[in-house]
Amino acid sequence: MKPIRSFLFLAGILGLFLIAGGVLEWAGYGNFLPPFPKEAENEESPGLFTGKEAGWSRGPDRETESLQARWAQDSVMDFYRRLYRLDPDIFSDAGLQGIPLTPFEYDSARTGKTLLDDFFARLLRLRNPAFEKLLRQWYSKPGFWDEPLAGNREHFTRILHYGDKQIENDRITSTLRRFFQEDFGGSGPGLLPLFQARHDLHPEISGPWHKVESGENTRKGNFGVHTAYLTAQPLDALLRPGKTGKGRILFPLPGQNPERAAFLDLIVHADLQASDLELQADGRPMAASPQTLSAYSQKRLTYPLPPGTGRIRLDMALARNHALYAAAVNDTIGISVDNIALVGKTASVFTPNNRRFLTDQFNLLNVGLILYQTGIEPPSSMKGLDYGYYRMLLMQDLSYIRAQMPGIPVIVIGIPDLPLPDASSHARSEARMLREIGKEVAFQTGCIYWDFYQAMGGENSLSRWAAAKPALASASSALLTEKGAEMAGKLFYKALLDAYRDFLLRERKKMMMERAKQLQSISKSY
């Protein structure tokens, strides 16, 4: 009897509960019951528990709908979606179709990868200037967005491509420049060749100039980005401290786009005044009052160029401390890719420079990335000898620039396949040793390494490049032809875009997850 009484008691309670629910619904307080658990729904009979007449409708999941609405309307999420789109004009470039991929390599601590991510964040700013404020909030590393020099260019970065005979005459660099500027903006040939000729930029230098350059036994000095500079003859400057004459340089600028803005940047000694310079663009005098940005013992003078300028003439009064360190033609937004061919400067690109001078000059030039393709192959006098000395020189050079510019990534480009006509085991061992030294030192100094040898196709790839139609390289000298240099540029740029794509995917995933957590936290607080 006791179970029957308990059942009748529970049935009575349920009946009172249903009667109360009907009264409340009639009074306008319907749907007071909690939503029916979704797990109890009958999947085969989806209408079984609809029961709208009895007030059993589950209704919408208001918290989920609210979160989705905020997600769709949230300006930060919209920013992430627009910022991290994988643009087909970059990643599906017709000029890179069919190009094989040889990815970058990093040290075990991933130091180079972290620095390269910083460079990619700057590329995002170049591509998305309207998102400047949001980018600064998102990529909030301490001091990351601070410019080294007040008044420097925030939407411009320079890539220095140092190399040996493989990049002479703007080979490889010209391909990189074209791709970078098409994808990230910018114009102009970059640094003009003061000391080496390019097939498209052949300067004519006249007057009592004196070239000061670093050598094996040279003490550290203020040499600058070219490891050399132009000034007055030392004896004339000593005997006659005043002006000793004028030096002249004529720069041809073929193919300048008349629709693109261009500016002439001169890096000169701090003692040189604008009145000591006379500049002409296509025979017309240029502005006498350039924009000036000063650093310790040097400064940058910037002159706007008329659209489509085809020739620049520079006359400089030569006197003591009147030195010209660099001249460049580029836009003040976007990217400039500079070709610096230093033939014979084996592993001594940066170490001859005074520390503060080199740092300030790189900051004046807005350097954001260094490609180091020089000093990897030792001179012929060292071949067959102990490579310990060469390893030390390379270690010093890369350690020096990493210590001076710790925020700038350095990509070491390995040597290509070498001509080995005798195919002896000793010759192959030497070539392998050179590659191993380059990679080892790159990793030890926190640089990034790109294996040019593997990108070409590995062992005996030089003979295949030389046999191609048209030929991509010389089998006897390993020098790339114009077509081969273009292919090398595409191989490298494909590797860089692959790293850039990886950065975008990682950051998009991380930022999306972080923002979703924030929105969920806000939604639960209601």
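Positions are given from 1, in the same order as the sequence printed here.
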Quick check: closest heavy atoms across [X] and [Y], and the distance to 0.1 Å?
{"X": "Ala341", "Y": "Asp164", "value": "CB-O, 4.1 Å"}
{"X": "Leu394", "Y": "Gly438", "value": "CD2-CA, 4.2 Å"}
{"X": "Gly407", "Y": "Pro409", "value": "O-CD, 3.7 Å"}
{"X": "Ala495", "Y": "Trp450", "value": "CB-NE1, 3.5 Å"}
{"X": "Ala228", "Y": "Lys211", "value": "CB-CE, 4.2 Å"}
{"X": "Ala403", "Y": "Pro406", "value": "O-CD, 3.6 Å"}

* Walk me through it: do Tyr229 and Phe195 pass the test ring-ring contact (aromatic ring centres under 6.0 Å, His included)? => CA-CA 9 Å; Tyr229 62 91; Phe195 308 107; 8.6 Å; no
Check for a donor-acceptor pair, side chain of [X] on one end and backbone N or O of [Y] on the other, with a separation under 3.5 Å.
{"X": "Asp451", "Y": "Tyr453", "result": "yes"}
{"X": "Arg125", "Y": "Glu154", "result": "yes"}
{"X": "Ser461", "Y": "Gly458", "result": "yes"}
{"X": "Arg313", "Y": "Gln280", "result": "no"}

Aromatic centroids of [Y] and [X] separated by under 6.0 Å:
{"X": "Tyr106", "Y": "Phe443", "result": "no"}
{"X": "Tyr400", "Y": "Phe350", "result": "no"}
{"X": "Tyr139", "Y": "Phe144", "result": "yes"}

* What pairs of residues pass the side chain to side chain donor-acceptor pair (under 3.5 Å) test when at least one of them lies in residues 287-296, not counting sequence neighbours? ->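 Checked against side chain to side chain donor-acceptor pair (under 3.5 Å) - neighbours excluded - no pair reaches residues 287-296.
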* To do: Kindly state each residue pair satisfying side chain to side chain donor-acceptor pair (under 3.5 Å) with at least one member in residues 462-471, sequence neighbours excluded.
  =>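 Non-adjacent pairs meeting side chain to side chain donor-acceptor pair (under 3.5 Å): zero.
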* Other residues, nucleotides, ligands: >12 heavy atoms within 6.0 Å of Met487 CE ->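 Result for CE/Met487: open.
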Lys/Arg-Asp/Glu bridge criterion (N-O < 4.0 Å) met for [X], [Y]:
{"X": "Lys439", "Y": "Glu105", "result": "yes"}
{"X": "Glu486", "Y": "Arg171", "result": "no"}
{"X": "Lys246", "Y": "Glu278", "result": "yes"}
{"X": "Asp338", "Y": "Arg177", "result": "no"}
{"X": "Arg311", "Y": "Asp282", "result": "no"}

I'd like to check [X] versus [Y] (side-chain heavy atoms, cut-off strictly below 4.5 Å). Are they in contact?
{"X": "Ile249", "Y": "Leu230", "answer": "yes"}
{"X": "Phe180", "Y": "Leu496", "answer": "yes"}
{"X": "Arg300", "Y": "Asn152", "answer": "yes"}
{"X": "Ile340", "Y": "Val225", "answer": "yes"}
{"X": "Trp209", "Y": "Met316", "answer": "yes"}
{"X": "Leu253", "Y": "Ile312", "answer": "yes"}
{"X": "Leu272", "Y": "Asn321", "answer": "no"}
{"X": "Met392", "Y": "Met395", "answer": "no"}

Measure the spacing between [atom1] of [X] and [atom2] of [Y] and express it to the nearest 0.5 Å.
{"X": "Ser348", "Y": "Leu393", "atom1": "OG", "atom2": "CG", "value": "7.5 Å"}
{"X": "Phe184", "Y": "Phe179", "atom1": "CZ", "atom2": "CZ", "value": "12.0 Å"}
{"X": "Phe104", "Y": "Cys447", "atom1": "CZ", "atom2": "SG", "value": "12.5 Å"}
{"X": "Ile401", "Y": "Arg355", "atom1": "CD1", "atom2": "CZ", "value": "10.5 Å"}
{"X": "Leu369", "Y": "Ile159", "atom1": "CG", "atom2": "CD1", "value": "5.0 Å"}
{"X": "Thr157", "Y": "Ile333", "atom1": "OG1", "atom2": "CD1", "value": "13.5 Å"}

Partner residues of [X] under the side chain to side chain donor-acceptor pair (under 3.5 Å) criterion, sequence neighbours left out:
{"X": "Lys113", "value": "Asp502"}
{"X": "Thr102", "value": "none"}
{"X": "Lys299", "value": "none"}

Between [X] and [Y], do the side chains contain an N or O donor and an N or O acceptor separated by less than 3.5 Å?
{"X": "Thr351", "Y": "Asn353", "answer": "no"}
{"X": "Asp498", "Y": "Tyr493", "answer": "no"}
{"X": "Thr359", "Y": "Gln404", "answer": "yes"}
{"X": "Thr302", "Y": "Arg153", "answer": "yes"}
{"X": "Thr173", "Y": "His161", "answer": "yes"}
{"X": "Gln298", "Y": "His269", "answer": "no"}
{"X": "His155", "Y": "Glu132", "answer": "yes"}

* To do: Check the pair Glu204 / Arg248 against salt bridge (Lys or Arg N to Asp or Glu O under 4.0 Å), numbers first and verdict last.
  => CA-CA 8 Å; Glu204 299 177 21; Arg248 173 172 294 179; over 6 Å; no
* Full working for ring-ring contact (aromatic ring centres under 6.0 Å, His included) between Tyr372 and Tyr162 -> CA-CA 5 Å; Tyr372 190 94; Tyr162 284 97; 7.3 Å; no
* Asked: Could you walk me through whether Phe120 and Tyr500 pass the ring-ring contact (aromatic ring centres under 6.0 Å, His included) check?
  -> CA-CA 6 Å; Phe120 290 150; Tyr500 182 54; 5.2 Å; yes
* Asked: Does the side chain to side chain contact (heavy atoms under 4.5 Å, CB included) test come out yes or no for Asp276 and Leu318, once each step is laid out?
  -> CA-CA 8 Å; Asp276 297 320; Leu318 298 180; over 6 Å; no
* Pair Phe362-Leu160, side chain to side chain contact (heavy atoms under 4.5 Å, CB included): steps then yes or no -> CA-CA 10 Å; Phe362 275 29; Leu160 299 179; 3.7 Å; yes
Check: residues 324-331 side-chain donor-acceptor pairs under 3.5 Å, at least two apart:
unit_1 : atom_1 : unit_2 : atom_2 : d
Asn330 : OD1    : Arg158 : NH1    : 3.4
Asn330 : OD1    : Arg158 : NH2    : 3.0
Asn330 : ND2    : Asp265 : OD2    : 3.4

* Please determine which of Leu301, Leu364, Leu191 meets the side-chain contact (heavy atoms from CB on, under 4.5 Å) test together with Ile267. =>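 One option only clears the test, and that one is Leu364.
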